[in-house]
Amino acid sequence: MKFPGQRKSKHYFPVKTRDPLLEQLTQQPQPFATYISGIDQTLVDIEAKVEDELLGRYGLPKGNSTLINDEQAHALYTELKQNDLISDEFAGGTIGNTVHNYSILADDRSVLFGVMSQNIEVGSYAYRYLCNTSSKVDLNFLQPVDGPIGRCFTLISDCGERTFAISKGAMDKLTPEYIDKDVVQGSSALVLTAYLMRASGGDRITDAAMCAIEYAKAAEVPVVLTLGTRFLIEEDPVWWQNFIQEHVTILAMNEDEGEALTGFRDPLLASEKALEWCDMVLTTAGPIGLYTAGYTDDAEKRETSHTLLPGAIPEFNRYEFSRPKLKRDCENPIKVYAHISPYMGGPEKIGNTNGAGDGALSALLHDLAANTFHKTNVPGSSKHKRDGLCYSSFSQICKYANRVAYEVLAQHSPRLSRGLPEREDSLEESYWER
């Protein structure tokens, strides 16, 4: 596993500086492998520039999101393809993006549960999905289905307005029988999206997600939930509050979803409120940057050397150098917050806003999995005398998540095509050292 964040070489792990002669005489233990698992609605994002006349013919209200059936999706795709209107086709899905990015960052395995078309033709939706997913993502546990996976058409008008047409296909057909108990319970984290909880019409992906959650909770594997969209949350925020309190360890959201869940527009206050129901929160707030919030033990708190920040909670980042802990592991838990502004002020030109939150979450998951890796392979380290949820501090996780989000914003695809550069020449490493 690559170690998270960008640090000087003396801080890298593992360190391989053993005597080469002694190494031959002593058998070195094999490092314990770590991975994360996730469940997603497998779908492909198809982007095209179209005239308003086409939207009218397919009954798609401009600027809205509309569900269409498989026949409509096939006809729309065929017309777009024949007229050479498609600009991009990406593997999509919130959790698919997250586990892919995790594998790129960690250069290590992740496992994805979902469905995949049983018969795959070159150039088909399923083919596109597989081509755009890292080979480090283990797809051996996907459930074969008869029919297409999901498709999300992003239709861009001349004025720049985006209209969405979504065809579910078989993406919600995942059943609990295809959730491998040993895989879930052996992972460092189980990652889910709120979309999984709204299956209907006999689809069983919600049952599959709940089955995986029970497996994870039985083995004390952290359950990570990303909210996905404010429209789903604001339908019944109390239901989601209860769901998070009962099942979720780490919550990821943006400022709109945070407002729908908590009633607070301020992302810091929304993060504080969410800590009533879970152990850690990652909140992305667009041009404001991002926040992390969680718990540490009062006896283990570490004061920041950065400038104390004003906000709805005065000097809220005072203990941002502390490591996140589960609330139940703290004798005297205190709430800790950290914030960071967009990396380098944000990209000069934003190529894509979809997936930036998924990129930030993948960085947090990398740090969490690195903690498991280090704790298992170096159990005597002073790092683990006090058990932490993540390897790094709230502050360092903010920096890492922020850096990855920048990388996604600067490109057109919602998925990373490569890891972070080995050295940040533009900043001479000062970003990671401060």
Donor-acceptor pair, distance only, cut-off 3.5 Å: does the side chain of [X] make one with the backbone of [Y]?
X    : Y    : value
H100 : L416 : yes
D180 : D182 : yes
N402 : C398 : no
S87  : E47  : yes
D40  : T42  : no
H339 : I288 : yes
S393 : Q396 : yes

Residues I244, L261; criterion side chain to side chain contact (heavy atoms under 4.5 Å, CB included); working and verdict: CA-CA 10 Å; I244 293 165; L261 179 69; 3.8 Å; yes

Worked verdict on Q143 versus T175 for side chain to side chain donor-acceptor pair (under 3.5 Å): CA-CA 8 Å; Q143 177 178 342; T175 61; 3.3 Å; yes

Kindly give the heavy-atom pair with the smallest separation between [X] and [Y], and that separation in Å.
X    : Y    : answer
K62  : C159 : NZ-SG, 3.4 Å
R109 : D138 : NH2-OD2, 2.9 Å
P267 : E255 : CB-CB, 4.4 Å
E235 : F231 : CG-O, 3.3 Å
E303 : F321 : O-CD2, 3.6 Å
D256 : N254 : N-OD1, 3.0 Å

[X]/[Y] ion pair, N-O < 4.0 Å:
X    : Y    : result
E320 : R302 : no
R128 : E89  : yes
D279 : K327 : no
E407 : R418 : yes
K273 : E276 : yes
E259 : R265 : yes

With R323, the side chain to side chain donor-acceptor pair (under 3.5 Å) member among N371, T296, D297: N371

Nearest 0.5 Å, what's the [atom1]-[atom2] distance between [X] and [Y]?
X    : Y    : atom1 : atom2 : answer
L142 : L130 : CG    : CG    : 8.0 Å
S395 : I340 : OG    : CD1   : 6.5 Å
E315 : L309 : CD    : CG    : 9.5 Å
L55  : T163 : CG    : OG1   : 4.5 Å

R204/D172 under salt bridge (Lys or Arg N to Asp or Glu O under 4.0 Å): CA gap, chis, key distance, verdict: CA-CA 7 Å; R204 300 194 65 199; D172 287 342; over 6 Å; no

Parallel, tilted or perpendicular: ring planes of F316 versus Y291, cut at 30 and 60 degrees: tilted

Row check, Y319 ring normal vs K301 NZ/CZ: under 6.0 Å, within 45°: yes

Aromatic Y129 / basic R415 pairing, under 6.0 angstrom, 45° off normal: yes

Test log, rule side chain to side chain contact (heavy atoms under 4.5 Å, CB included), inputs V44 and C152: CA-CA 6 Å; V44 171; C152 178; over 6 Å; no

Heavy atoms of other groups near F243 CZ, more than 12 under 6.0 Å: yes

Side chain to side chain contact (heavy atoms under 4.5 Å, CB included) between Y400 and H366, intermediate numbers included: CA-CA 10 Å; Y400 188 27; H366 185 195; 2.7 Å; yes

Ring centroid separation Y102 to Y35 under 6.0 Å: no

S37/S187 under side chain to side chain donor-acceptor pair (under 3.5 Å): CA gap, chis, key distance, verdict: CA-CA 6 Å; S37 58; S187 60; 3.2 Å; yes

